Engineer: 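First the structure, which I've put down as structure tokens, then a few questions once you've had a look.
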Amino acid sequence: MNKDTYIFDLDGTLLDTLDDLATSVNFALRQYGMPEHSKDDVRRFVGNGVRLLMERAVPDGARNPQFEEAFAAFRQHYMQHSLDTTRPYDGIPEVLRELSRRGYRLAVVSNKMMAATQELIRHFFPEIPVAIGENEVAGIRKKPAPDTVNEALRQLGAKPEQAVYVGDSDVDIETARNSALPCVSVLWGFRDREFLIAHGATTLIEQPEELLAL
């Protein structure tokens with residue numbers, strides 16, 4: 001692809017965060033007597049930010065009179081437990097270190113809360129200098145809007161034609177399209193090959209090491 005800048009999604013792309021997300025979702029639901037969800041349910045709910053995650057998990061979503069309380073309980077629990085079981089996917093740390101060694105510019109853009117996004121990147125991937133999460137106060141719209149990608153490129157001092165987007169979901173495919181970037185869809189994350197192809201994926205990889213050959 002002849003690119004020197006990689007913009008990564010976080011959940012399902014660099015980190016397997018599903019267990020910790022599911023634990024925090026169900027903790028919040030239990031506090032308000034709401035039915036809990038399986039990990040596979042939560043896998044289907046993720047990808048559009050934590051508020052929509054909880055809207056999908058709570059009966060009647062945002063219309064539920066206890067929604068805001070449950071959402072606040074989730075946020076508080078997740079900020080305290082986001083590192084309990086979350087781990088990088090096999091091969092990811094080594095690939096990121098090699099990309100950094102080669103001089104590639106790296107960033108993460110996520111629909112996860114800004115504080116959680118930056119904490120996870122500091123903990124697992126210190127070689128990534130730019131990490132942008134959900135930050136509506138700053139006027140940066142969440143994915144699939146191109147805002148987080150544009151901000152990451154600005155902070156890296158890179159142009160869109162130098163960059164490639166790497167993600168695991170339909171939201172990532174749409175984000176890349178809206179940002180005018182080519183998209184590499186990974187097959188180790190939260191969505192399978194059939195789902196990704198049905199949502200427009202054109203370049204798919206099975207192992208992180210394939211990123212080094214793009």
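Only this structure's heavy atoms are used, side chains among them; waters, hydrogens and symmetry mates stay out. Because the structure is a prediction, the values reported are computed rather than measured.
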Engineer: So does Asp192 have more than 12 non-hydrogen atoms from other groups sitting under 6.0 Å from CG?
Structural biologist: yes
Engineer: Please tell me whether Phe27 and His81 form a close aromatic pair, meaning their ring centres lie under 6.0 Å apart.
Structural biologist: no
Engineer: Charged N to carboxylate O below 4.0 Å: is that the case for Glu55 and Arg63?
Structural biologist: no
Engineer: Counting neighbours of CD on Gln76 that are heavy atoms of other residues, nucleotides or ligands and sit closer than 6.0 Å, is the number greater than 12?
Structural biologist: no
Engineer: Looking only at side chains, do Ser169 and Asp172 share a donor and an acceptor under 3.5 Å apart?
Structural biologist: yes
Engineer: Using the rule side-chain contact (heavy atoms from CB on, under 4.5 Å), only one of Phe124, Phe125, Tyr6 pairs with Leu96; which is it?
Structural biologist: Phe125
Engineer: Do we see a donor-acceptor contact under 3.5 Å between the side chains of Asp20 and Ser82?
Structural biologist: no
Engineer: Check whether any side-chain heavy atom of Arg56 sits under 4.5 Å from a side-chain heavy atom of His37, and report yes or no.
Structural biologist: no
Engineer: Lys143 side chain to Val109 main-chain N or O, any donor-acceptor pair under 3.5 Å?
Structural biologist: yes
Engineer: Just by modelled atom types, is the Gly157 backbone N or O under 3.5 Å from a matching donor or acceptor in the Arg105 side chain?
Structural biologist: yes
Engineer: Between Glu174 and Arg177, is there a salt bridge with N-O shorter than 4.0 Å?
Structural biologist: no
Engineer: Any salt bridge linking Arg122 with Glu119? Criterion: basic side-chain nitrogen under 4.0 Å from a carboxylate oxygen.
Structural biologist: no
